[in-house]
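Every heavy atom of this structure was used, including side-chain atoms; hydrogens, water molecules and symmetry mates were not.
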There are 2 protein chains.
Amino acid sequence: MTEIDGGPATAPRKRADARRNEQTLLEAAAAAFVASGIDAPVRDIATRAGVGVATIYRHFPTRADLVVAVYRHQVEACAEAGPALLAEHDSPYAALTRWIDLFVDFLVTKHGLAEALRSNAAEFATLHAYFLDRLVPVCAEILAAAGRDGEIRTDIRALELMRGVGSLCVGANQSPDYDARRLVALLLAGLRLNPSDTAPTLA
Amino acid sequence: MTEIDGGPATAPRKRADARRNEQTLLEAAAAAFVASGIDAPVRDIATRAGVGVATIYRHFPTRADLVVAVYRHQVEACAEAGPALLAEHDSPYAALTRWIDLFVDFLVTKHGLAEALRSNAAEFATLHAYFLDRLVPVCAEILAAAGRDGEIRTDIRALELMRGVGSLCVGANQSPDYDARRLVALLLAGLRLNPSDTAPTLA
DNA sequence: AACGATACGGAACAAGGTTCCGCTTAGCAA
DNA sequence: TTGCTAAGCGGAACCTTGTTCCGTATCGTT
């Protein structure tokens, strides 16, 4: 996203210290997110990075911008895994379960991310725009393939499914006896047209 | 919960103004919850009730205590509906879907309640203790009946299912294109051992 | 070396939760 | 009826966290 240089008369390339700070902030934020979830206090992140709070707002106007920047690589990896999984599995449904696995892994290891993704608060508009725009089409492609093969019902949209999965992942780390994966598996089982094809056990 | 009088040497019966205030607070809180969700600012509730903030804390030490008190009646009604539904439906699975419907209705009409129920934050311990202690056994009974009849898989516990449903209901009112009920239906479909028995359409 | 634009830090402000403390008043007894 | 005491009350004060503002420092260029 940040242009290295490139196009004709794009952004005039930021000052060196600004670029340095942005990088430092990303690392500090990543650390803070691991320690306290994505709701880590702005001051904490600023302190970790050794900058003032205003610097954070200057680089990342909303928390969502920061979150997006921190997790962009992982979202990208998840998105790219979709076509790959489709290619390497004969059954699109198998690819779907594997891909959803990746998505769940991503969500549950980032404390608070599922919650933010679920929320519709204006602050997270950026986060929605990026995460969903990037991942929904991937999910839709897998769903469509499975639908064509008659493996699953076709009356569910990708966004809807991902919202559901995201909701189930909220709070995954809050209780030892809440296993988001089992419930997601149940949800996916609900998609099947002929469930006797698959093992009926829940993980 | 508040003893009218009763037992031998129990709580020494609060002062009249205290009892009056408690009632006023419950009404004010109910109104505030409808207007702003269960996260309504303490000051708002206090203003509505015409009391100071400390009075709220005195009667309801945590927000969860207040929430529980406000919704106790409705939780009770939901709990009592369980056995009734089982009795009036031949298929326990049908009773299950109806009962879950009631539960979902309850959650989605109380902004923020599902979220609180899902959360494991220490503050909501009281809320968990009451809501879940009261409703989980009811759900368990219906699940067991459906399991005995071979309608659903038996490897899912009531608490687990209710957590899942609760999670799906979080954010039900946040997006016009998020329909918690459809997803809950999908989750319940995932429970079925022989889904071809039921209509495969999602509401 | 100097200058203008960019970026910075931290104080200041806002909003919400929680606690503290001096005052009020219900309930009881003389 | 009048006093007394403890339960109860109100709201100011305090803490935490997000957000903005502004005087100052620094970069990059001339």
#### Entry: Whether Arg63(B) side chain and Ala40(B) backbone form a donor-acceptor pair below 3.5 Å
yes
### Message
Could you tell me if Arg72(A) sits above the aromatic ring of Tyr130(A), with its cationic atom closer than 6.0 Å to the ring centre and no more than 45 degrees from the axis?
### Response
yes
### Task
Return yes if some donor-acceptor pair links the side-chain N/O of Arg43(B) with the main-chain N/O of Val53(B) below 3.5 Å, else return no.
no
### Query
What does Arg58(B) touch in the nucleic acid at a heavy-atom separation under 4.0 angstrom: a base, only the sugar-phosphate, or nothing?
base
### Side-chain donor/acceptor of Arg48(B) to backbone N/O of Leu25(B), under 3.5 Å
no
### Phe60(A) CZ - dA7(C) C1' separation (whole Å)
14 Å
#### Entry: Side-chain heavy-atom pair Trp99(A), Cys78(A) within 4.5 angstrom cut-off
yes
### Message
Between Phe103(B) and Met162(B), is there a side-chain heavy-atom distance shorter than 4.5 Å?
### Response
yes
### Query
So, for Asn21(B) and His59(B), which heavy atoms are closest and what is the spacing to 0.1 Å?
CB-NE2, 4.0 Å
### Query
Heavy atom of residues 38-57 of chain B under 4.0 Å from DNA chain D: which residues?
Arg43(B), Gly50(B), Val51(B), Gly52(B), Val53(B), Ala54(B), Thr55(B)
### Task
Please determine if a side-chain N or O atom of His59(A) lies less than 4.0 Å away from the OP1 or OP2 oxygen of dA7(C).
no
### Query
Relative to each other, are the rings of Tyr71(A) and Phe106(A) parallel, tilted or perpendicular (30° and 60° limits)?
perpendicular
### Query
Does a donor on one side chain and an acceptor on the other come within less than 3.5 Å for Thr62(B) and Tyr57(B)?
no
### Query
If you measure from NE2 on His89(B) to OG1 on Thr97(B), what distance do you get to the nearest 0.5 Å?
6.5 Å
### Message
Whether Asn21(B) contacts dC9(D) is assessed here as follows: a side-chain N or O lying under 4.0 Å from the phosphate OP1 or OP2. Is that the case?
### Response
yes
### Task
Find the distance Asp65(A):CG to dG18(D):C1' and express it as a whole number of Å.
15 Å
#### Entry: Verdict with supporting geometry, Asp105(A) and Arg181(A), salt bridge (charged side-chain N to carboxylate O under 4.0 Å, His left out)
CA-CA 9 Å; Asp105(A) 274 340; Arg181(A) 263 171 262 266; 2.3 Å; yes
### Task
Nearest-nucleotide wise, let me know which of Arg63(B) and Ala18(A) is further upstream toward the 5' end of DNA chain C.
Ala18(A)
### Message
Strictly under 4.0 angstrom, non-hydrogen atoms only: write out the protein contact profile of nucleotides 25-30 of chain D, one letter per nucleotide from the 5' end, B, S or -.
### Response
-BSS--
### Summary
What residues 24-35 of chain A contributes to the DNA chain D interface at heavy-atom separation below 4.0 Å is none
